[in-house]
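For clarity, every value in this text was computed on a predicted model and none was experimentally measured.
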Amino acid sequence: MEELLIKLDGEPFTFPKNGKMTIGRIGHGADLEIDDKKVSRQHGIIERVEGVFFIKDLDSSNGIYLNGNRIPSMEPVQISNNDIFNIASKTLVFELSDISPKSTKGVLKFKDKIVKKGFLHIGRLPTNDIVFDDPTVTRIHAKISHENNVFWIEDLGSVNHTYLNGKKIKTKTKLRDSDIVTISFYAINLLEGTKDLREESIAINAVGIQKIYPNNKIGLQSLSIEIPHSNFVALMGPSGCGKSTLLKCLNGDNPATAGEVFIHGLSLRENFNLIKKKIGYVPQDDIIHKELTVYKTLFYAAKLRLPDDTSNQEIDKRIDKVISDLNLNQDKEKDIRNIKVRDLSGGQRKRISIAVELLTEPTILFLDEPTSPLDPETIESFLTSIKRLASNGTTIIMVTHKPEDLNYVDQVIFLGVQGHLVFKGPAVEMVPSFKVDNIVEVYSEMSHVDKVKDRYIKPTALGYHKYADTEIKREKPDSLWLQLYWLISRYLNIKLNDKENLFLLLAQPIIIGGLVCLVFNQFRVSVLFLMTISAIWFGVSNAAKEIVGELPVYRRERMFNLNINMYILSKWSVLSLIALVQSILFVTIVYLNFKYNTYADFDEVYLRSFWKSIGFMFFLSFSGSLIGLWLSASLNTTEKVMTVVPIILMPQIMLAGVMTKINTTLVEILSFFTLGRWGTEGFSRLQDEASPVHPVNVSETQSVIVGQFEEATMSAMNVLNLYDKNLTNEGILIGGVFNGFDENIMAILILNMLFYILIYYALKKKDSI
């Protein structure tokens, strides 16, 4: 820690402990008074922010000069040792001195311990030399060693990494006395030993933060707030005043465009990938899957969030703890662990969402209007549980608009319209400070801009420079394959538990296949066309609601550590399994029916071959699921998705060249982008390859009406004849480039790649950071 000594023309002044020193003309109440008429009444301010000293010119008439150059007005300038500033005729010299205890017995003991043993292991296991009992710390996390009179820090393949002065270390790195090693929320310094950052008195310190959207709309006026450790804080204000915006600025979900947020003294922007593991955030919508049991919900959340080396026994203990902490197991006759989430009450579901966040033992919990859907009795039980969490050491920030919630909170931050901060302090002092009778009148007054501006609390701390929205960088999870495994396992459980929907999905091929057999008394190319359309329908309809239906879950897990590719592949894998069963059922029905219902004297004319037809139909359905996932990722409500599904399916029918021939260049180009065209061609080519019937060629001058005999004896591709006579037989653009089954597969693969890229970027656009 550094101390600042200020010399005004040689006369020393000690920087005050409150972290601020104003500069002004003598006789006007400044901390550092200067006897010169060229000095403004409020000329400048010196301030310490997170251990760093700044000086700012408060728009004075004659300015402040550093090394002969005037510093910008109203912009903070960092002070370095022996800097010389000039104000009017006076000279200010700044001397920084390190007052850290460098020779205390405790300090020597920590360094001596390293030197004596040669190294110290750090981790979660009790066998380590330094034990951090935290689920985000790996069993054997890192090592500090002493070699050749030099101290070293080394990460031992931990999941959540080791940071040196805020930067992740990748190799064995030299360690100096002034360096700070951070593991989870523990700091290690060679001079001071270990320190739990969560024990700092201030949990959140927001300094001059502001939110301006791309359309230049101000979502949050510049403000500064401090939230003490273990406090239960309510964010309140009229509708649209920026409560949720402030919440998201504080937790990193949608960072401020200016200013800085410190979590336990660490910069949120610079240490986001570390801090996000210790922040709990429950948005307005539930972040849990209703088809799973409570235990499975918490188990999968733990597998996806906790270090890979966390055992099932540790997870079970953690699940038991969060259920107990939230008072969820009140019914002694029925264990809540075995109840499906959809069968719980609204209050219980909200607490399960919170329980998911508590698995990682967050030090700060953000709740966005958790009491809105709850009845008064449930609210009392819910807030009592939350209050208990705060008393056990968790700092809780809750957005609410209900006056009765004030009975449970310690502090209130109240915003007026247009994002102005108008009150911050103890809950009991809020209403008296506005000189009104009740909180309803506070809401009424703070809905008027003119009254809000009179009460606006401007930030007293120095402002920070503006940031680009892209400055926070995400880290990938260490084990992508393990994440994929648990995502697939969870999604498969969700589908299997939703038995009614699964039954309907498996009934589709039976019903549609039966109708095909009922309508067509003999096998023909039209059956192949309907097989193609059915396969596309299965894929699209299976996937269309799968992402949009769980957007709150996706957004929260994405904020934590979810990889987009693993998420897409998990959906695609399970949907493909369903598509495979559907394809087997459909093809089996069609194959058996037409094998025993053939043309007279042409017993060999039926679906050929059985296994290749299953494989190709599965491939089409597998590809169609990408279209469904694209729709689901691109739109934000299930209703919109289901409205667009027919618009996507109709071109598959109309541009396949079966209902009507491809007769213009535009239609041909559009047909290249449909699975309907390539699927129908593919089935026809399969049929021709497997058919023992010798084809009889039919010239273009012959009748366009093909009878039963001709269709039985002609090749499927000749019967299909996609193009109108106005175009060449293979089209005028690609000719015979895709004239083959393998080429049809290639065309579909190209479409798959296109839709996969569209899904990825649709999901990427949902990122707020």
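Note that the CD1 atom of Ile319 and the OG atom of Ser324 stand 13.5 Å from one another [nearest 0.5 Å]. The line from CD of Glu369 to CG of Leu235 is 10.5 Å long, rounded to the nearest 0.5 Å. In this structure, the separation between CG on Leu562 and CG on Leu487 is 6.0 Å, given to the nearest 0.5 Å. For the atom pair CG (Leu484) and CG (Leu569), the distance works out to 6.0 Å, reported to the nearest 0.5 Å. Interatomic distance, CD1 of Ile288 versus CZ of Arg351, reported as 12.0 Å (0.5 Å rounding). The structure places CG of Asn189 at 4.0 Å from CD1 of Ile180, a figure rounded to the nearest 0.5 Å.
A donor-acceptor pair under 3.5 Å is absent between the side-chain atoms of Glu546 and the main chain of Lys571, judged by distance alone. In this structure, the side chain of Lys243 engages the main chain of Gly237 through a donor-acceptor pair within 3.5 Å. Side-chain N or O atoms of Thr297 include one that pairs as donor or acceptor with a backbone N or O of Thr293 at under 3.5 Å. No donor-acceptor distance shorter than 3.5 angstrom exists from the side chain of Gln284 to the backbone of Ser372, with no hydrogens or angles considered. Checking side-chain atoms of Asp498 against main-chain N and O of Ile494 turns up no donor-acceptor pair under 3.5 Å. Between the side chain of Lys402 and the backbone N or O of Thr371 there is at least one donor-acceptor pair closer than 3.5 Å. The closest donor-acceptor contact from the side chain of Lys350 to the backbone of Val282 lies at 3.5 Å or more, if one exists at all. Ser576 places a side-chain N or O within 3.5 Å of a backbone atom of Trp572 that can act as its donor or acceptor partner. Listed for the Thr162 side chain is no donor-acceptor partner under 3.5 Å among the backbone atoms of Ile183.
In this structure the side chain of Phe382 reaches within 4.5 angstrom of the side chain of Pro370, judged on heavy atoms. In this structure, the side chains of Ser632 and Val548 come closer than 4.5 Å at one or more pairs of heavy atoms. Annotation: side chain of Met559 is in contact with side chain of Asn251 (closest heavy-atom distance under 4.5 Å). Within the 4.5 Å cutoff, the side chain of Ile153 has no heavy atoms near those of the Ile188 side chain. A 4.5 Å side-chain heavy-atom check between Ser353 and Tyr281 finds every atom pair outside the cut-off. Here the side chains of Ser267 and Glu260 are in contact, with some heavy-atom distance below 4.5 Å. In this structure, Thr400 and Met236 have side chains that are in contact, with non-hydrogen atoms separated by less than 4.5 Å. Contact check for Leu631 versus Lys545: no side-chain heavy atoms found under the 4.5 Å cut-off.
No side-chain donor from either of Thr194 and Tyr186 sits under 3.5 Å from a side-chain acceptor of the other.
The number of heavy atoms from other shown groups lying within 6.0 Å of NZ (Lys290) does not exceed 12. Other residues, nucleotides and ligands contribute over 12 non-hydrogen atoms within 6.0 Å of the OH atom of Tyr213. Counting heavy atoms of neighbouring residues, nucleotides and ligands inside a 6.0 Å radius, atom CG of Asn392 exceeds 12 of them.
What you find for Pro238 and Gly416 is that their closest heavy atoms are CD-CA, 4.4 Å. Minimum interatomic distance between Asp325 and Arg388 (heavy atoms only, all atoms of both residues): O-NH1, 3.4 Å. Looking at every heavy atom in both residues, Thr257 comes nearest to Lys211 through OG1-CA, 3.5 Å.
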- [ ] Apply side-chain hydrogen bond (donor to acceptor under 3.5 Å, both in side chains) to Asn327 and Ser385, showing your working.
- [x] CA-CA 7 Å; Asn327 199 25; Ser385 299; 5.0 Å; no
TODO: Determine, step by step, whether Val645 and Val641 satisfy the side chain to side chain contact (heavy atoms under 4.5 Å, CB included) criterion, reporting the C-alpha distance in whole Å, the side-chain angles of both residues, the deciding distance to 0.1 Å, and the verdict.
DONE: CA-CA 6 Å; Val645 164; Val641 171; 4.3 Å; yes
- [ ] Would you please test Leu326 and Leu358 for side chain to side chain contact (heavy atoms under 4.5 Å, CB included) and show each step?
- [x] CA-CA 10 Å; Leu326 292 170; Leu358 293 180; 3.9 Å; yes
Task: side chain to side chain contact (heavy atoms under 4.5 Å, CB included) between Ile227 and Gln411, intermediate numbers included - done: CA-CA 8 Å; Ile227 298 177; Gln411 303 277 330; over 6 Å; no
Task: Worked check of side chain to side chain contact (heavy atoms under 4.5 Å, CB included) between Leu246 and Leu421 - done: CA-CA 10 Å; Leu246 175 56; Leu421 176 64; over 6 Å; no
Open item on the list: Quick one, Lys143 with Asn128, criterion side-chain hydrogen bond (donor to acceptor under 3.5 Å, both in side chains). Give me CA distance, side-chain angles, the key distance, then yes/no.
Closed with: CA-CA 10 Å; Lys143 181 174 74 171; Asn128 286 288; over 6 Å; no
Side-chain donor-acceptor pairs under 3.5 Å in residues 337-346, sequence neighbours left out?
{"residue": "Arg337", "atom": "NE", "partner": "Asp320", "partner atom": "OD1", "Å": "3.2"}
{"residue": "Arg337", "atom": "NH1", "partner": "Asp335", "partner atom": "OD1", "Å": "2.9"}
{"residue": "Arg337", "atom": "NH1", "partner": "Asp335", "partner atom": "OD2", "Å": "3.4"}
{"residue": "Arg337", "atom": "NH2", "partner": "Asp320", "partner atom": "OD1", "Å": "2.7"}
{"residue": "Lys340", "atom": "NZ", "partner": "Asn497", "partner atom": "O", "Å": "3.1"}
{"residue": "Ser345", "atom": "OG", "partner": "Gln348", "partner atom": "N", "Å": "3.3"}
{"residue": "Ser345", "atom": "OG", "partner": "Gln348", "partner atom": "OE1", "Å": "3.3"}

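Every side chain to side chain contact (heavy atoms under 4.5 Å, CB included) that Glu314 has, sequence neighbours left out, goes to Arg124, Arg139, Thr310, Ser311. With sequence neighbours excluded, no residue forms a ring pair (Phe, Tyr, Trp, His ring centres under 6.0 Å) with Phe366. Evaluation of the ring pair (Phe, Tyr, Trp, His ring centres under 6.0 Å) rule for Tyr491 yields no partner, not counting sequence neighbours. Residues passing the ring pair (Phe, Tyr, Trp, His ring centres under 6.0 Å) test with His229, sequence neighbours excluded: none. Evaluation of the side-chain hydrogen bond (donor to acceptor under 3.5 Å, both in side chains) rule for Asn636 yields Lys640 as partners, not counting sequence neighbours.
Screening Asn205, Ile204, Leu250, Ile209 for a side chain to side chain contact (heavy atoms under 4.5 Å, CB included) involving Ile225 leaves a single residue, Leu250.
Salt bridge present: Asp410 and Lys387 bring a charged side-chain N and a carboxylate O closer than 4.0 Å. The existence of a salt bridge linking Glu550 and Arg490 is excluded, since no basic side-chain nitrogen approaches an acidic carboxylate oxygen closer than 4.0 Å. Contact check on Glu361 versus Lys321 returns no salt bridge, with no Lys/Arg side-chain nitrogen under 4.0 Å from an Asp/Glu carboxylate oxygen.
The cationic group of Arg305 lies under 6.0 Å from the six-membered ring centre of Phe560 and within 45° of the ring axis, placing it in a cation-pi geometry. The side-chain tip of Lys296 points at the ring of Phe299 from less than 6.0 angstrom away and within 45° of straight on.
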